[in-house]
Amino acid sequence: MPLRPGDPAPRDPVDVLVEGTQVTAVGPGLPSPGSTVVGGVREVDADGRWLVPGLWDQHVHLAQWTLTSGRLDLAGAKSPEQALAQVKERVEEYPELPVIGWGHRSAGWDRDVTVSELDAVSGDTPVVLISGDGHHAWLNTTALLFLAMPVRDSVVREAEWFAAYPRLATLVGNDGTSPEAYRRTLDHAASMGVVGLVDFEFSGGVADWQERWAAGCDLLKIRMSTYAEGLDDVLTRGLRTGDPLPELDGRITMGPLKIISDGSLNTRTAWCCEPYGDAHRLEYPSGQPNLSGTELRDLLRTAHRNALEVACHAIGDAAVAEALASYADTGARGSIEHAQMVNRADVATMARLGIRASIQPAHLLDDRDLTEKIWGERSARCFAFRWMLDDGVTLAMGSDAPVSPLDPWLAMAAGVHRSADDRDAWHGEQALTPQEVLAASVDGQPMVGAGSRGDLALLDSDPLAASDSPADAATALRAMTVAATWVDGQEVYSAF
């Protein structure tokens, strides 16, 4: 399967030989092992299917995504009243169980919410409602007290919420993030052709991954990030980006230092060069940074000095510009995570500095209407994938699960068509081709050939098949099914 223009893809079916962790030969009529198992080689008849490098999700909050299936789904709540009605129903049905909700988009509601109105429908049952972007939570008084947070009548935002999130386990226990639950999540990812994940979970660290790896979560490749709070442990262990985690098998490695430099669109805390369209409602009319310039640069210097890459969350255009200036000042390497709204000149700077754009195209499906409402004409500079690719920025695609589903085919479809309904593509001039989104989803790997990683996905249909329109191409991508997935030459999923 050609990933870039000019790739010498064969016209007819070929054989692919994988030995150990690498592809060692590709071509027609390779010598057959002669039986299903000879010399440790298993023969698979792919029957003319399409083989691509295994897919990576470059931005996942794995524990939160694993927990989501057991949470109260508030994604459809169009108002505070609808959310409250759902909470009231859940409390009445299960009065002894805490309520953890996920997915509401309060930026589209016509008023701010209060703790007191949540108290009125929940009584003494702890209730924590996490916004769909993960950047704030609406808690009742019982939950605030349980999580040792100051009582207030407003939501908990940004750094205060990120610090409190790991304490949720004291409220709901660990059942939702047990090794067994993680394994189910990893199995499902493998069924979509995913061979690796970059885990940006807020809690945990080396010890947690050592425990769950030994308990059966050793299915896919994992890059474990750290936040500033866990940085001392990483530095004490002498871990650098790319190093295998100690006492494990090399498929789980140290990833980047994650920094959340600003907020989000939905919470209206993304740091922008100009005020929001509804700035009269906001304490900070243009959003605000979570770190001062000095704090940001100090973290980047520490990471760079210790051979750690950086993954810098920056959604607003002011945050992107400051992150790039910090990379330039410190010499640090890594990525801008999200890069949701950018100025044209900053894209060229990103390319010049060699900073990757870690993008999540499915976010534009959820954020389209809200962006038009509160960023207005600036929407032309949002999810500017074509600018980035044309300027030479390396794209690395992911989901940001659970903000969007851990589904690489949904992300690819969003990058191609930029619409989730019957409307025309939203700023279709920024759309990518199926070949470009596939190339951005395979961790920089080339077309499968001798010397390639033994991380492979076998597809039931051609993801680059000719189509009449981007909408038709996106439909085909969303419908993609996977026949088999291999990691380091070992089968981790098969539909045969």
Side-chain angles (χ1 to χ4, degrees), residues 57-67 130-131 133-137 147 149 156-169 177 197-210 212 222-243 245 252-264 267 269-271 288-315 319 322-323 326-327 330 332-338 356 358 360 398-403:
D57 191 314
Q58 300 283 348
H59 192 124
V60 178
H61 300 273
L62 197 49
Q64 293 182 67
W65 175 240
T66 300
L67 278 165
I130 306 169
S131 68
D133 58 13
H135 279 250
H136 78 256
L147 296 178
M149 303 180 73
V156 182
R157 293 182 172 88
E158 299 299 337
E160 186 183 13
W161 169 239
F162 300 147
Y165 180 83
R167 300 200 294 273
L168 272 183
T177 55
L197 306 168
V198 181
D199 185 21
F200 286 118
E201 191 50 68
F202 294 123
S203 57
V206 173
D208 286 352
W209 267 111
Q210 287 173 329
R212 67 176 65 103
I222 303 290
R223 294 179 189 141
M224 184 205 81
S225 72
T226 185
Y227 289 79
E229 293 77 9
L231 185 55
D232 284 347
D233 180 63
V234 168
L235 298 182
T236 298
R237 295 174 183 271
L239 289 172
R240 301 163 298 178
T241 295
D243 285 350
L245 294 198
I252 179 166
T253 58
M254 187 65 220
L257 167 66
K258 174 70 181 295
I259 301 171
I260 303 180
S261 77
D262 75 335
S264 71
T267 307
T269 46
W271 185 27
Q288 65 176 147
N290 288 328
L291 301 166
S292 70
T294 298
E295 291 170 327
L296 181 57
R297 285 163 176 78
D298 284 347
L299 282 172
L300 264 66
R301 286 192 185 95
T302 299
H304 188 47
R305 188 167 57 246
N306 291 279
L308 287 172
E309 287 195 353
V310 176
C312 187
H313 162 121
I315 286 183
E322 180 68 5
S326 300
Y327 275 117
T330 61
R333 312 294 296 172
S335 64
I336 300 290
E337 301 293 319
H338 312 304
R356 295 186 306 278
S358 177
Q360 300 80 41
S399 65
D400 197 14
V403 181

Worksheet item: In Å, rounded to the nearest 0.5 Å, how long is the span from NE2 of H59 to CG of D199?
Response: 9.5 Å
Worksheet item: Sequence neighbours excluded, which residues qualify as salt bridge (Lys or Arg N to Asp or Glu O under 4.0 Å) partners of E158?
Response: none
Worksheet entry | Exercise: do D243 and T253 side chains pair donor with acceptor under 3.5 Å | no
Item to complete: Under the side chain to side chain contact (heavy atoms under 4.5 Å, CB included) rule, what do V60 and D400 come out as? Steps first, then yes or no, please.
Response: CA-CA 5 Å; V60 178; D400 197 14; over 6 Å; no
Worksheet item: Where do E337 and A311 come nearest, in terms of heavy atoms and distance?
Response: OE2-CB, 3.5 Å
Worksheet item: Does some side-chain heavy atom of H136 sit less than 4.5 Å from a side-chain heavy atom of V156?
Response: no
Item to complete: Scan for salt bridge (Lys or Arg N to Asp or Glu O under 4.0 Å) pairs involving residues 293-307, sequence neighbours excluded, and state none if there are none.
Response: R297-E322, R297-D329, D298-R301
Worksheet item: Any sub-3.5 Å donor-acceptor pair from T241's side-chain atoms to M254's backbone N or O?
Response: no
Response to the item:
Shortest non-hydrogen pair, H135 vs I260, comes out as CE1-CG2, 4.0 Å
Worksheet item: Sub-3.5 Å donor-acceptor pair from the side chain of S225 to the main-chain atoms of L257, do we have one?
Response: no
Discussion item. Ignoring hydrogens, what is the shortest heavy-atom contact between L296 and C312? Give both atom names and the distance.
Written reply: CD1-SG, 4.2 Å
Worksheet item: Among L299, L300, N306, which one satisfies side-chain contact (heavy atoms from CB on, under 4.5 Å) with T302?
Response: N306
Worksheet item: Is there a donor in the side chain of Q58 and an acceptor in the side chain of S358, or the other way round, less than 3.5 Å apart?
Response: no
Item to complete: Report the C-alpha distance between E309 and R356 in whole Å, list the side-chain angles of each, state the deciding distance to 0.1 Å, and finish with yes or no for salt bridge (Lys or Arg N to Asp or Glu O under 4.0 Å).
Response: CA-CA 11 Å; E309 287 195 353; R356 295 186 306 278; 3.2 Å; yes
Worksheet item: Just by modelled atom types, is the W271 backbone N or O under 3.5 Å from a matching donor or acceptor in the D262 side chain?
Response: yes
Worksheet item: Looking only at atom types and distance, does a side-chain atom of D57 sit under 3.5 Å from a main-chain N or O of S399, one as donor and one as acceptor?
Response: yes
Discussion item. Test your reading of the model: is there a side-chain donor-acceptor pair from D133 to the backbone of S264, 3.5 Å cut-off?
Written reply: no
Worksheet item: So do the side chains of H304 and T330 get within less than 4.5 Å of each other, counting heavy atoms only?
Response: no
Practice prompt. Test side chain to side chain contact (heavy atoms under 4.5 Å, CB included) on I252 and Q210 and set out the steps.
Written response: CA-CA 9 Å; I252 179 166; Q210 287 173 329; over 6 Å; no
Practice prompt. Determine, stepwise, if the pair D233 / L239 fulfils side chain to side chain contact (heavy atoms under 4.5 Å, CB included).
Written response: CA-CA 9 Å; D233 180 63; L239 289 172; over 6 Å; no
Practice prompt. Check whether any side-chain heavy atom of L308 sits under 4.5 Å from a side-chain heavy atom of L231, and report yes or no.
Written response: yes
Discussion item. Using modelled atom types and a 3.5 Å cut-off, is there a donor and acceptor pairing between side-chain atoms of Y327 and backbone atoms of S335?
Written reply: yes
Item to complete: Over all heavy atoms of both residues, which pair between E201 and Y227 is shortest? Give the atoms and the distance, please.
Response: O-CE1, 3.2 Å
Item to complete: To the nearest 0.5 angstrom, please state how far the CD1 atom of I222 sits from the CH2 atom of W209.
Response: 4.0 Å
Worksheet item: Think K258 forms a cation-pi with F200, using NZ or CZ under 6.0 Å from the six-ring centre and within 45 degrees of its axis?
Response: yes
Worksheet item: What do the steps show when you test M224 against L245 for side chain to side chain contact (heavy atoms under 4.5 Å, CB included), and what is the final call?
Response: CA-CA 9 Å; M224 184 205 81; L245 294 198; 4.1 Å; yes
Worksheet entry | Nearest-0.5 Å distance that lies between atom CZ in F162 and atom CZ in F202 | 4.5 Å
Worksheet item: What is the minimum heavy-atom distance between G263 and N290, and which atoms define it?
Response: N-ND2, 4.0 Å
Worksheet, complete the sentence: Minimal heavy-atom distance between P256 and V198, with the atoms involved, is CD-CG1, 4.4 Å
Worksheet entry | Parallel, tilted or perpendicular: ring planes of H338 versus H313, cut at 30 and 60 degrees | perpendicular
Worksheet item: Could you state the interatomic distance from OG1 (T269) to CD1 (I315), rounded to the nearest 0.5 Å?
Response: 8.0 Å
